[in-house]
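Report on the structure given below.
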Amino acid sequence: MTYRTSLTALALTLAGLVAHPSAAGATASPTATSVQWKSCPAYSDEVIRSLGVTQDKVAAFRSLMKRLECGTVSVPLNHRDPGGRKIDLAVTRLAATDKAHRLGAVAVLPGGPGNSGYLDPVLRTALRNEEMAGLNERYDIIGFDPRGVGYSTKVACPLPPNGPQEPGALTEEAARKIYDAQVAANQQCGRSDPAFLGQLTTENVAKDLDLVRTALGERSLNLLGFSWGTYLGMVYRSLFPGHTGRAFLDSVAPPWTRIDEHAKDSAAAAERDFGRMAAWLARRDQTYGLGATAREVREEVAKLVRAYDKSPKTYTDLQRPIDGSAVADLARRNSTEWVRAGKALAELRTATGTTAPPTVKEVLGAPMMGPSVPGAPETLNRTMNLAVACNEDSSRAGFDTAWRAYQQLVKRHPATGRAWGLPVMCPGWPLPVQQATLKRGSGSLVLAGHLHEFMSVYDWTLQTRRAIGGTVYTVADDVHVSTTRVPACAADVVRYFETGRIGRGCAGSPIPS
């Protein structure tokens, strides 16, 4: 799961009533929910580029948008009260190009919680690479914005602070202020619209998805899940085994929902992966000057963390002050960023002057979600992110427990531990804990675990297999949800959906030369 800053969303008005039977012959019942179809939104070139589409693919994006069908499905806010208040889900479909040999529909399950999946049929499949584009030949690709996100019905509330305001080592006094502010913000948010926020759970999103299936006239859905979407896939499969076809889940979430354990496991994995980065940097000591052995690099980076916590630097051209947490942030970057992170760490060893060194500015100065572009669709809704995480988090640690956990984290992980901050998210959340029940199933399931990544720890993949079954597909990299981005791995994904067969794994993203 990821917790990031959101972009501004646009409203989308949809009208018209169409029932669309699947090629497999299933049709929606007369009383079933239908899809309200209308034309898709239009985006400027600037907006398209802000979505991560390179200039050379803008024309292809526009061509795919002409094929994309967009609409809404009405679902109950509370599935235990189907006759009560209704909300709208924004859905999209990219119909199979080879209708004569169509195999069904693949629903793309977005990450977060809180990520938009509205444009995933275009961005995550057809436009991603040649291999993933092949999935659309025999499958309809279904995208959607989960409840609380993007073009679907949503709410907004005041959000808790993101971390310490003052640079330097995090003291107990400063941590308590952060914790108390988070409690107050969580209480304010949770009480702002409890009727809506209390219904933001993975289980309700899964039930929404099954109503989307019915509205589309599909007997079953195949699932392609990413990050939090893997947990959504587990829950959907547990609730609706008879409606679940093949499922491929990439960067597998754990089969439990405790934020304290999530942070503990992720922090340990990040420090382990830094060992790989340290060895890589040591082999290139002439370039980076951080040490000739992995141990020397580890010691040098830990020394930098302590030094910048003791004497933080503020640069005139960089909003973020550079302290130990910034150094640790560089140390936990994945292998696709080792070159830039290594340069930035080397620059911080000798930095002088009032402006940030160039690579430090490039890596630490960029906004996490990119600049906000007028007219861009929302890519992540932080209110939904917070509500789902906290509605399902049974830890909700008190301050003393959280402070001890933070001290242990920093002590055990000297290179990367400072990047995490206080490992809490949900103290003071006023709504009750609601956790889904996962069930073992016999249907086809592939769990793609990345051997070295920290955002979805590899051991979670093994825990999930023990809990619900499935086949483990090991990706030998440290890059979150990279499987469909790497052509050789993506070919395996498409082959799985076409044949039901899968190998043991793939190499994933290569380490930089």
Side-chain angles (χ1 to χ4, degrees), residues 1-5 160-171 174-175 178-179 182 227 259-278 280-281 290 297-314 318-338 340-349 356 359-369 402-425 452-457 478-480:
M1 302 182 185
T2 58
Y3 310 104
R4 293 183 175 178
T5 306
N162 288 321
Q165 302 301 307
E166 295 297 324
L170 182 61
T171 65
I178 294 166
Y179 182 90
Q182 191 165 30
S227 194
I259 286 175
D260 57 349
E261 292 297 321
H262 192 284
K264 180 181 176 182
D265 287 357
S266 291
E271 190 78 9
R272 285 195 302 271
D273 195 41
F274 175 68
R276 297 172 66 240
M277 180 182 181
W280 184 88
L281 290 167
L290 293 166
V297 174
R298 276 187 175 278
E299 291 174 349
E300 182 63 24
V301 171
K303 179 181 174 182
L304 277 174
V305 170
R306 294 191 300 269
Y308 274 88
D309 261 348
K310 185 178 180 180
S311 302
K313 291 186 178 180
T314 302
L318 193 65
Q319 282 191 324
R320 176 179 184 173
I322 304 300
D323 60 4
S325 68
V327 177
D329 182 17
L330 293 170
R332 70 172 185 175
R333 298 298 174 113
N334 70 43
S335 56
T336 65
E337 297 186 86
W338 284 356
R340 294 196 310 161
K343 287 181 180 178
L345 288 167
E347 289 172 353
L348 288 176
R349 290 182 68 241
T359 317
V360 171
K361 182 178 180 180
E362 180 185 349
V363 177
L364 296 179
M368 293 182 72
M369 297 295 291
W403 177 243
R404 284 195 300 270
Y406 171 76
Q407 289 178 302
Q408 291 174 356
L409 186 150
V410 172
K411 182 178 180 180
R412 291 173 181 171
H413 314 305
T416 61
R418 272 286 283 122
W420 293 92
L422 207 64
V424 293
M425 185 178 181
H452 305 292
E453 76 155 299
F454 70 80
M455 293 181 72
S456 289
V457 181
D478 62 355
V479 183
H480 193 57

_Once you measure the plane-to-plane angle for Trp280 and Trp338, does it fall in the parallel (<30°), tilted (30-60°) or perpendicular (>60°) bin?_
tilted
State, with a plain yes or no, whether a side-chain heavy atom of [X] is found less than 4.5 Å away from one of [Y].
| X | Y | value |
| --- | --- | --- |
| Glu362 | Lys343 | no |
| Arg320 | Asp329 | yes |
| Val297 | Leu345 | no |
| Ile259 | Pro423 | no |
| Lys313 | Val360 | no |
| Asp478 | Met277 | no |

Give the minimum heavy-atom separation between [X] and [Y], together with the two atoms involved.
| X | Y | answer |
| --- | --- | --- |
| Leu318 | Ala356 | CD2-CB, 4.1 Å |
| Ser266 | Trp420 | CB-CH2, 3.5 Å |
| Ala268 | His413 | CA-CE1, 3.5 Å |
| Ala331 | Ala415 | CB-O, 3.7 Å |
| Leu422 | Ala402 | CD1-O, 4.0 Å |

*Donor-acceptor pair, Asp309 side chain versus Gly324 backbone, under 3.5 Å?*
yes
*Is a side-chain N or O of Gln182 found less than 3.5 angstrom from the main chain of Met425, in a donor-acceptor match?*
yes
Using 0.5 Å steps for rounding, measure from the [atom1] atom of [X] to the [atom2] atom of [Y].
| X | Y | atom1 | atom2 | value |
| --- | --- | --- | --- | --- |
| Leu281 | Arg276 | CG | CZ | 12.0 Å |
| Glu299 | Leu290 | CD | CG | 12.5 Å |
| Leu330 | Leu364 | CG | CG | 4.5 Å |
| Leu348 | Tyr308 | CG | OH | 4.5 Å |
| Met455 | His262 | CE | NE2 | 8.0 Å |
| Phe454 | Asp273 | CZ | CG | 8.0 Å |

*Criterion salt bridge (Lys or Arg N to Asp or Glu O under 4.0 Å) against Glu271, the qualifying member of Arg298, Arg332, Lys411*: Arg298
*Using the salt bridge (Lys or Arg N to Asp or Glu O under 4.0 Å) rule, pick out the option among Lys310, Arg418, Arg306 that qualifies with Asp323.*
Arg418
*asked:* Evaluate Leu170 against Trp403 for side chain to side chain contact (heavy atoms under 4.5 Å, CB included), listing each step before the verdict.
replied: CA-CA 10 Å; Leu170 182 61; Trp403 177 243; 4.2 Å; yes
*Take Glu347 and Arg340, measure what salt bridge (Lys or Arg N to Asp or Glu O under 4.0 Å) needs, and give me the verdict at the end.*
CA-CA 11 Å; Glu347 289 172 353; Arg340 294 196 310 161; over 6 Å; no
*In sequence, state the C-alpha distance, the side-chain angles, and the governing distance for Val457 and Arg272, and then conclude on side chain to side chain contact (heavy atoms under 4.5 Å, CB included).*
CA-CA 11 Å; Val457 181; Arg272 285 195 302 271; 4.1 Å; yes
